[in-house]
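Step one of this worksheet: look at the structure below.
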Amino acid sequence: MSEQDDHIYAMRHSLAHIMANAIQHIWPEAKFGVGPVVNHGFYYDIDLGDTTLSEEDFDKIEAEMRKIIGEDQPFERFEKPVDEAIAWARDAKQPYKEELLNDLKRAGTTVAKDLSADEMGTIAAGDAQIERVSFYKNGDFTDLCRGPHVESTGKVGAFQLQRVSGAYWRGNEKNAQMQRVYGVAFETEDDLKTYLGMLEEAKRRDHRKLGQELDLFVFSDLVGSGLPLFTPRGTVLREEVGKLTQELRERNGFTRVWTPVIAKTDLYKASGHWDKFGDELFLVKSQETSDEFVLRPMNCPHHVQIYASQPRSYRDLPLKFMENAGDYRDEKTGELHGLSRVRSFTQDDSHAFVAEDQVKDVATELVEASREMYSVFDMELKFRLSFRDDGDGYLGERELWEKTQAQIEELAKENNLDYYIEEGEAAFYGPKIDFMATDALGREWQVATVQLDFVQPERFGLEYVAEDDSRPRPVMIHCALLGSIERFLSVYIEHTAGKFPVWLAPEQIRVISVNQEESTVAFTGKISEEAKKLGLRLHVDNSNESVGKKIRAAELMKVPYAVVIGQKEIESEAVVPRVRKDMAVQDGEDPIGLEEFLKTVANEAKSRVHKTSLNG
RNA sequence: GCCACCUUAGCUCAGUUGGUUAGAGCGGCUGUUUUGUAAACAGUAGGUCGUCGGUUCGAAUCCGACAGGUGGCUCCA
């Protein structure tokens with residue numbers, strides 16, 4: 001951490017105290033939980049009894065905070081023995097603090113395992129043996145706190161309270177729900193403004209808003225929440241990205257399979273998913289037999305059955321299947337969000353069954369494919385090696401885990417990946433490489449994933465005949481390059497703000513007629529025919545509106561190319577395409593032959609370029 | 001699922017303290033116009049005010065339940 005980062009951290013943390021202080025002034029009965037620093041700001045968890053905060057209270061709280069800041073009270077640090085601290089918390093009627101202190105006393109920091117390491121860090125020193133705890137005091141406010149803080153309340157920079165929401169005490173849904181007040185804070189007003197501007201931009205690009213404006217997908221109360229319906233335009237996006245992901249893997253020898261969308265519960269009992277995710281499965285009953293089915297939540301057990309359908313030889317390996325497959329998960333309603341968290345989604349899934357010594361090669365091919373894919377999407381990739389932690393809930397031998405994790409890290413090193421390791425992010429059946437894409441606003445999203453799996457081959461008893469006639473287990477490698485098509489689109493729509501490159505644009509060219517005369521209608525009809533032959537998505541707007549209005553309509557739909565057709569164009573058979581601003585090198589004025597124009601656009605679509613090759 | 005907030009026409013939104021036939025812009029449709037690179041003009045049709053129940057002489061407005069949504073929490077194979 002740089003010195004500046006340290007300062008921002010201290011500033012944000014100090015603001016959390018100041019906010020708690022202000023809230024205590026306004027509501028003296030307030031009981032405080034934890035108040036850590038988060039990305040871009042801070043929050044504090046507060047129990048106000050029957051009082052519920054709303055954003056309308058922010059003015060009042062902010063005013064009180066500014067008063068405290070104006071007084072420039074010094075932050076004073078002091079220590080107390082744990083027992084005295086506990087007595088303090090009891091006297092101050094701060095039961096949450098008292099609970100934390102008791103846990104600290106009992107077993108240092110680790111016992112408060114409801115809290116993440118970060119949150120713990122803000123309330124206590126990291127030593128396992130806690131005898132004394134530190135406090136910070138400003139004005140009339142004292143809080144159990146590890147620090148650090150700025151010297152005084154006057155030195156906290158620019159801030160704004162953002163929102164209030166519910167949050168469980170210590171992040172456990174069985175615990176009491178507190179109110180969490182979020183604020184953002186930066187060193188200067190300018191930095192704050194820049195950040196708030198970014199939030200505004202994010203709002204403008206929200207894929208849910210663009211999905212409606214650009215007519216990409218809809219939801220229906222009758223179909224149900226979390227079940228998106230894709231319109232013709234949105235379906236183009238789905239199918240184009242679906243084609244790309246399959247092409248990239250076909251090159252590496254993956255072949256397409258098709259499997260049904262339901263399976264007997266026995267399949268998932270065998271795979272282990274039933275035990276782990278049973279409450280998130282949609283159940284389907286036969287009306288004729290006693291069979292119980294589930295709507296498939298994932299595809300690996302299905303693909304495993306294809307592998308298991310016949311004896312396999314080492315000569316068959318690696319055996320590689322892929323399927324853009326629809327999956328269904330009964331997510332809790334409160335967790336649904338646009339296309340990024342849905343109950344029906346499509347994984348661009350693949351499974352490679354490989355011998356142990358082929359793991360690295362196959363995984364490397366997939367990493368290469370993902371790099372190519374995200375360069376087509378113009379997004380940067382980081383790689384997160386998601387390993388297990390010490391928790392339970394992981395299946396398989398510890399030794400296997402360590403072996404595979406070592407292989408993954410080796411692969412990452414050999415391929416010079418920009419990677420970092422995160423423990424506790426693994427799947428229950430194996431470690432993963434998760435791919436984090438950075439979008440145009442600098443936000444990181446998890447997209448693709450490559451996952452090693454030694455557990456399912458074991459559970460389903462998969463094997464192959466080796467050269468020496470032994471029967472080793474294959475290793476399974478799960479990979480989805482897009483992740484889920486829906487989730488990917490939610491990220492990509494916001495990344496591009498709906499300005500899709502030609503190869504993805506639901507409508508690539510809009511033809512705008514100047515009038516409705518017979519010759520015009522005939523000519524635009526001819527353009528339409530030729531575009532169809534080239535596989536272009538072209539729409540003719542012959543409506544009885546002004547040219548200006550029709551141009552505007554095309555712009556609002558973010559169509560890459562618009563061409564106006566009047567007498568001049570009909571005579572010369574040439575057009576001056578109007579190019580969407582983000583693609584144009586410069587606005588052109590020179591006419592281009594109609595046929596050449598269409599061919600150029602068709603080539604752009606085929607080669608999946610971001611920008612136009614027409615120099616205007 | 002939990003906490004808070006929200007739901008008026010296809011979309012974006014008005015609608016005073018509960019009080020007659022609920023409004024506007026855009027979009028749609030019809031007509032006039034035949035348009036040259038981001039909004040021609042006129043007319044017209046769209047709403048059981050999310051649903052169901054309650055309070056009231058009277059409910060878009062107050063209360064409750066449910067559904068859907070928003071922001072978080074929790075979860076995420």
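Within every chain, numbering begins at 1; the chains are lettered A, B, ... in the order of the sequence lines, protein sequences first and strands thereafter. A quick note: this is a predicted structure, and the numbers were derived from the prediction, not measured.
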Notebook entry, point to check: Nearest to the side chain of A:K549 - B:A40, B:U37, B:A38?
Noted result: B:A40

Check: Between B:U37, B:A40, B:A39, which one does the side chain of A:R552 approach most closely?
Finding: B:A39

Is a salt bridge present between [X] and [Y], judged by a nitrogen-to-oxygen distance below 4.0 Å?
X      : Y      : result
A:R249 : A:D349 : no
A:E507 : A:R233 : yes
A:E213 : A:R204 : no
A:R341 : A:E335 : yes

Interatomic distance where [atom1] belongs to [X] and [atom2] belongs to [N] [whole Å]:
X      : N     : atom1 : atom2 : answer
A:L214 : B:G27 : CG    : P     : 17 Å
A:D279 : B:C2  : CG    : P     : 15 Å
A:D57  : B:A4  : CG    : P     : 14 Å
A:D47  : B:A4  : CG    : C1'   : 15 Å
A:Q179 : B:G71 : CD    : C1'   : 14 Å
A:M557 : B:C26 : CE    : C1'   : 15 Å
A:Q162 : B:U70 : CD    : C1'   : 15 Å
A:K203 : B:G71 : NZ    : C1'   : 11 Å

Using a 4.0 Å heavy-atom cut-off, does [X] contact any base of the nucleic acid, only the sugar-phosphate backbone, or nothing at all?
X      : answer
A:R208 : sugar-phosphate
A:K568 : base
A:G548 : sugar-phosphate
A:V547 : sugar-phosphate

Check: Is the glycosidic angle of B:G15 within 90° of 0, making it syn, or outside that range, making it anti?
Finding: anti

Using the [atom1] atoms only, state how far [M] lies from [N], rounded to an integer number of Å.
N     : M     : atom1 : value
B:U56 : B:U61 : P     : 16 Å
B:G23 : B:C5  : P     : 31 Å
B:G71 : B:C41 : P     : 37 Å
B:A60 : B:U7  : P     : 15 Å

Taking pairing as Watson-Crick or G-U wobble with both contacts under 3.5 Å, can you name the mate of [N], or confirm there isn't one?
N     : value
B:A9  : none
B:U61 : none
B:U20 : none
B:G43 : B:C29
B:A38 : none
B:C66 : B:G50

Note to self: Parallel, tilted or perpendicular: which one describes the rings of A:Y268 and A:H273, with boundaries at 30° and 60°?
What the structure shows: perpendicular

Notebook entry, point to check: Which atoms form the tightest heavy-atom contact between A:Y96 and A:G33, and what is the distance?
Noted result: CB-CA, 4.1 Å

Checklist line | Protein-to-nucleotide contact annotation, 5' to 3' order, nucleotides 72-77 of chain B [B base; S sugar-phosphate only; - none; under 4.0 Å, heavy atom] | finding: BBBBBB

Next item on the list: Enter the distance from A:T524:OG1 to A:D541:CG here, rounded to the nearest 0.5 Å.
Entry: 10.0 Å

Margin query: Quick check: any donor-acceptor pair below 3.5 Å linking the side-chain of A:E517 to the base of B:U34?
Written below: no

Check: Is A:K382 atom NZ crowded by more than 12 heavy atoms from other residues, nucleotides or ligands, each under 6.0 Å away?
Finding: no

Next item on the list: Give a yes or no on whether the ring-centroid distance for A:F435 and A:F383 is below 6.0 angstrom.
Entry: yes

